[in-house]
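So you know, we letter chains A, B, ... as the sequences are listed, proteins then strands, and number each from 1.
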Amino acid sequence: MATTSAEDCGKRYFRWRQKAYRKEGEPHYDWDSSSSPKSPIRSGRDAWSRRTRLCPELQDNIHEIVGGFLGAGYNTHVAANCESLHYMRASVADVHGQKLFARLRAEKLRAEFTALATQWRNETKFLSSSDDKILHSAYQSIIAMGAAAVPLVLEELESRRGHWFWALRFMTKSDPVPEGANIEQAREAWLKWGRDKGYLK
Amino acid sequence: MASIEEVESLFPALVGTSYSEESDPTDTYNCIAFAFEDYSNWWWPRPGYGIYWPLGFPLSDSVDVLIDIFKAYGYSECDDSEVERGFEKVAIYSISLRIKHAARQLRSGRWASKLGEEQDIEHEKAEHLHNSSYGSATHFLKRHRADWEDVTT
C-alpha cells in the first residue's frame, strides 16, 4: 500500500484533530492514557492512521504527537478544570505537532544539506567577499531548500558558525538582526530567534 | 584552522617563503577590517546582515570605493608595495576592479593578511597572496607614521 509524505500526513492529522475537537459534548478523555485500547483518542487515531496510510516516519512518531508531548510538563494541570485542560492541551499539541513536522521535513534534507554546507564552507572559508560567499552555488542551493531547511541552517550556525544570515533572511522571510549589529550580534539574534521558534533547544 | 597544506595549496606563492600564522580562525572580521585594524566587524558593502560598511560610502565592491575609504583614513595612493621609511602601506587585491582582498604592511616591512574566515598570517611580500580567488595586488596606498620614522630596512 502506498504511503503519503510526512507533510501530507501532517496536514491530514491536523485536519482530523481539529474536526474532532470541534465536537461539542465529547468526553473529556485523558490524553496521557491515549495508549489505552479503550481510549477514544487512540481509537480515533488508529482509524485516522488506517484512512491516511501513514508514512512510516510519522507512524513512529504519532504516539509522541498525540500523547507524549503532553506528558510531564502538563500533568500538573490535571486537577484543573477539565474543559480548560482539554483546550489547553489541544493548543499545546498544535504547537508541538508543528515543531515535529518541521523537524521531520528538515531531517529528510539533512544529508543533502550537510554535503552542501560542507562544500560551501570548504570552498569559501578563505574568501572575504561576502558577495562571493553568498553567490556560491552550494549556498544558493541551500537557500532554494526553503523553510524546511531552516532548522538545519540554525544548527549549523550554532555549531560551526558561518555567515548564514542572508540565507536565513530569505528562507524565513524574517530578519531579527538589529540595525548596526555586527557578526556576533547577528549570530546571537538568529540563534535566539531559532530558540523562540522552537528550532533550537 | 586551515592546515598548512590547505593554505599553500590555495596560495602557492607562499611555498618556500617565511610566512607565519598569527591568530585563530574567526568569522568576526575579515581582511578589509583587518587592514583598518578593526577586529570587531566584517567589512563589506552589504550592511544589514551583521556586516559593516562605513556610512557615506557607496555600497559597491568597486576598488575605487575602498580607495576612497582608505583616503578618509589618511592614506594616499602610491605606486607599489616597497617599504618606505615613515610610511604604512596597504594593498588592495582585485579582479576586474572588484575588491577581493586587502593587506597591510607592518613596521617590519612584512605584510599581514586575514584569510577570509580563517587565520591572520604574516607574509613577506604582498604578491605572495596572488591567486585565482584574490586576484592580484593592484592598488597601493600609504599614510605617514611618525612612529615609523626610525625603521630601516
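Counting heavy-atom pairs closer than 4.5 Å to chain A, the top residue among B/T28, B/V7, B/D61, B/N41 is B/T28. Residue with the most contacts toward chain B among A/Q185, A/R169, A/K125: A/K125 (heavy-atom pairs, distance under 4.5 Å). If you tally non-hydrogen atom pairs under 4.5 Å between each of A/A181, A/A186, A/S130 and chain B, the highest count goes to A/S130. When each of A/R121, A/K133, A/H163, A/R187 is checked for heavy-atom pairs under 4.5 Å with chain B, A/H163 comes out on top.
Using a 4.5 Å cut-off between heavy atoms, A/E184 touches chain B through its side chain atoms alone. In this structure, the portions of B/Y49 lying under 4.5 Å from any heavy atom of chain A include both its backbone and its side chain. Contact annotation for B/L10: only side-chain heavy atoms (C-beta onward) come within less than 4.5 Å of a heavy atom of chain A. Contacts between A/D131 and chain B at a heavy-atom distance below 4.5 Å involve backbone atoms as well as side-chain atoms.
The aromatic rings of B/Y29 and B/F34 sit parallel to each other, their planes meeting at less than 30°, with 60° as the upper class boundary. A perpendicular orientation is assigned to the rings of B/W111 and B/F140, their planes being inclined by more than 60° (bins at 30° and 60°). Aromatic ring orientation, B/H130 versus B/Y93: perpendicular (interplanar angle above 60°, classes split at 30° and 60°).
B/F36 CZ: more than 12 foreign heavy atoms inside a 6.0 Å radius.
Of the possible polar contacts, none joining the A/E112 side chain to the A/L109 backbone as a donor-acceptor pair under 3.5 Å is found.
A salt bridge links A/E158 with A/R195: the distance from a Lys NZ or Arg NE/NH1/NH2 to an Asp or Glu carboxylate oxygen falls below 4.0 Å.
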